[in-house]
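Bear in mind that the values here come from a model prediction, so they are computed numbers and not experimental data. So you know, we letter chains A, B, ... as the sequences are listed, proteins then strands, and number each from 1.
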There are 2 protein chains.
Amino acid sequence: MYEEKVGEEGLQDFYQEKDKMYVATDCIIFGFDSGNLKLLIFKRRVEPFKGEWSLIGSFVKLQEDVSGAAKRVLEEITGLKNVFMEELKSYGNANRDPGYRCVSIGQYALIRLSEYDKELVEEHGAVWHDIDELPKLVLDHDQMVQDALEKLKAKARFQPIGFELLPEKFTIPQLQSLYEAIYQKELDTRNFRKKVLSNNVLIKLDEKDKSSSKRGAFLYKFDHDSYKNLTKRGYDFEIS
Amino acid sequence: MYEEKVGEEGLQDFYQEKDKMYVATDCIIFGFDSGNLKLLIFKRRVEPFKGEWSLIGSFVKLQEDVSGAAKRVLEEITGLKNVFMEELKSYGNANRDPGYRCVSIGQYALIRLSEYDKELVEEHGAVWHDIDELPKLVLDHDQMVQDALEKLKAKARFQPIGFELLPEKFTIPQLQSLYEAIYQKELDTRNFRKKVLSNNVLIKLDEKDKSSSKRGAFLYKFDHDSYKNLTKRGYDFEIS
DNA sequence: CCAAAAGTGTTACACGTACACCCATGA
DNA sequence: TCATGGGTGTACGTGTAACACTTTTGG
């Protein structure tokens, strides 16, 4: 598809002295479990940077979209499709990779720890690390993680993306614990509950989760349809 | 710097079958004048897309940062350095450019219409267009403009970037008119004034601007120092 | 019966929003 | 003197933030 254009008049002139470079994508993959935000990283088994910790990424191929490359990587390592993933920003400093010139598009993803393929992850040497106990990562990957955390913090407040980190069915205390991990501060139980429920996008189920208390807490589901309808009418979700 | 690495062991293996592609940057350049947001675009004089309207952009060179390329382009066409510019997002679909595979990083810039180099702009065939009377642009540039507008709208509310579009000295009515253009809705004079001044980041000057009324309106300056101090202490700017 | 987490209401205050009139000036 | 845009204050309702006790149940 691209090669055949080489012969065209004009185009060839235009492009011929331009520089080509590698384009990569790196995934900042978040999970949440027992009160902690987690990040999926792996120890590189080949050069360059063999033995060092790194985000999971890939070069973008000529025939694939940048976002497609990120989805491919994510599926290869977790077995998951249709995961929440969004562009973070690009990393394009000329000297960011001492090997070759490479521009990387950072993408952050939110994963349910209950759903991914554990064997696949292990095969790739990938490990979930608590977000506040990360080792040094290669290149500018530390910066990417920092940037992704800030974006998550800012975005989770006004858009219901936090639910992507919880199981389909979750309790209000779990949800609160998640937001406390994202915001890095404690929240008032009563106000949190009030605020969350006032958004009218949670469906209360008849089941209870007894895994963390004797009394048990009611399970809820996020109501995607209701959320869509409400946003159409110019409603604003918020959890603070 | 990059060529010399070709000979290294391992690295060569690693990179050799990867695809290289063009990386470009396109600038969404905003201005503001007499109540209207404006965009700087130009009519292409060479193939490809000769004669069509386009954002101003450039391929990124091997030795320059992506942000450096955007700055270079902006200076080449407006003569301005140190302009507010920020990454919008990347545009990386495999088929976005029918000529060759090219990933573009969109960057939006905010310019003071009082300061740029008019001759330089003319030389390049660039023209300021009202944002709501734009012609069709090449490739996915229409989408870029849409995205940039949304980002501007979202960002101007919580960060004092609007001032980048006004002269150093401006009046409150001018500022209000700017925000009305960004938000696409009318604002209440009294509430706007109250809100803006309550942020404590405007310095009232002793001069008046009489260009738009007989009585004249007091001029203000944005107080960068005060803003920095306040943000350090966890203060939140907001104009709504 | 006790420990541990779930669940519930009220009050004070700040903030956003709606709203109408006088002021200053040049022509 | 009048037309034009600049500048000001108040009242009301909404939303936020602070705060403590009762309920449930398994061990």
Side-chain angles (χ1 to χ4, degrees), chain A residues 33-36 156-158 166-167 169-181 183-221 230 233-240, chain B residues 33-36 156-158 166-167 169-181 183-221 230 233-240:
Chain A
D33 190 24
S34 51
N36 286 104
R157 179 164 176 187
F158 296 108
L166 294 176
K169 302 175 180 181
F170 53 86
T171 67
I172 306 277
Q174 273 169 25
L175 185 63
Q176 178 173 349
S177 152
L178 168 63
Y179 272 87
E180 288 178 335
Y183 295 156
Q184 301 266 47
K185 72 170 181 183
E186 301 202 339
L187 302 171
D188 179 272
T189 323
R190 290 159 288 189
N191 293 337
F192 182 81
R193 219 189 185 75
K194 208 187 309 169
K195 191 68 185 284
V196 161
L197 292 174
S198 74
N199 282 308
N200 287 318
V201 288
L202 295 192
I203 302 171
K204 185 174 183 175
L205 305 177
D206 274 337
E207 311 166 58
K208 280 192 166 185
D209 169 68
K210 300 213 166 189
S211 64
S212 66
S213 81
K214 297 162 182 175
R215 178 179 179 178
F218 278 104
L219 287 163
Y220 290 78
K221 279 201 312 191
L230 289 167
R233 298 179 213 153
Y235 130 106
D236 283 325
F237 175 89
E238 182 176 352
I239 292 184
S240 55
Chain B
D33 189 25
S34 50
N36 286 104
R157 179 163 177 187
F158 297 108
L166 295 175
K169 300 175 181 181
F170 53 87
T171 68
I172 306 278
Q174 273 168 27
L175 185 62
Q176 177 172 349
S177 153
L178 168 64
Y179 272 87
E180 288 178 334
Y183 294 156
Q184 301 267 46
K185 73 170 182 185
E186 300 202 339
L187 301 172
D188 180 272
T189 324
R190 289 160 290 187
N191 293 337
F192 182 81
R193 220 188 185 75
K194 206 188 309 170
K195 191 68 186 283
V196 161
L197 293 175
S198 76
N199 283 308
N200 288 318
V201 288
L202 294 192
I203 302 172
K204 185 173 183 174
L205 305 176
D206 274 337
E207 311 166 58
K208 280 192 167 186
D209 169 67
K210 300 213 168 188
S211 63
S212 65
S213 80
K214 296 162 183 177
R215 179 180 178 177
F218 278 104
L219 287 164
Y220 289 78
K221 279 201 312 191
L230 289 168
R233 298 179 213 154
Y235 132 105
D236 282 324
F237 175 89
E238 181 176 353
I239 292 184
S240 55

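- Of the two residues near DNA chain C, A/Leu197 and A/Ser213, the one whose nearest nucleotide lies more 5' is A/Ser213.
- In the set D/dG6, C/dA5, D/dA17, D/dA17 carries the atom at the smallest distance from any side-chain atom of A/Lys194.
- Atom CD of A/Gln174 and atom C1' of C/dG7 are 16 Å apart (whole Å).
- Using a 4.0 Å heavy-atom distance criterion, B/Thr171 is classed as making no nucleic acid contact.
- When the shell of 6.0 Å around NZ of A/Lys195 is examined, it contains more than 12 heavy atoms from other residues, nucleotides or ligands.
- Across D/dG7, C/dA27, D/dT8, the shortest atom-to-atom separation from the side chain of B/Arg190 is found for D/dT8.
- Distance B/Leu187 CG to D/dG7 C1': 17 Å, rounded to the nearest Å.
- Atom CZ of B/Arg193 and atom C1' of C/dC23 are 12 Å apart (whole Å).
- Protein atom CG of A/Asp188 is 15 Å distant from nucleotide atom P of D/dC21, rounded to whole Å.
- Counting to the nearest Å, the C1' atom of C/dC19 and the CZ atom of B/Phe192 are 18 Å from each other.
- The distance from atom OH of A/Tyr220 to atom CG of A/Leu205, rounded to the nearest 0.5 Å, is 9.0 Å.
- Remark: P of C/dG16 and CG of A/Asp236 are 15 Å apart, rounded to the nearest angstrom.
- Per the geometry, CG belonging to A/Asp209 stands 14 Å off P belonging to D/dG26, to the nearest Å.
- The side chain of A/Asn191 has D/dA17 as its nearest neighbour among C/dA6, D/dA17, C/dG7.
- Between the side chain of A/Gln176 and the main chain of A/Arg193, no donor-acceptor pair closer than 3.5 Å is present.
- Residue B/Lys214 places its side chain closer to D/dA3 than to any other of D/dA3, D/dC19, D/dT25.
- Here the side chains of A/Phe170 and A/Asp209 are not in contact, with every heavy-atom distance at 4.5 Å or above.
- Taking the nucleotide of DNA chain C with the nearest heavy atom to each of B/Lys210 and B/Ser240, the more 5' of the two is matched to B/Ser240.
- Tested against B/Gln174, the residues B/Ile172, B/Thr171, B/Leu178 include a single side-chain contact (heavy atoms from CB on, under 4.5 Å) partner, B/Thr171.
- Side-chain atoms of B/Arg215 and base atoms of C/dA24 include no donor and acceptor less than 3.5 Å apart.
- Per the geometry, CD belonging to B/Gln176 stands 13 Å off P belonging to D/dT8, to the nearest Å.
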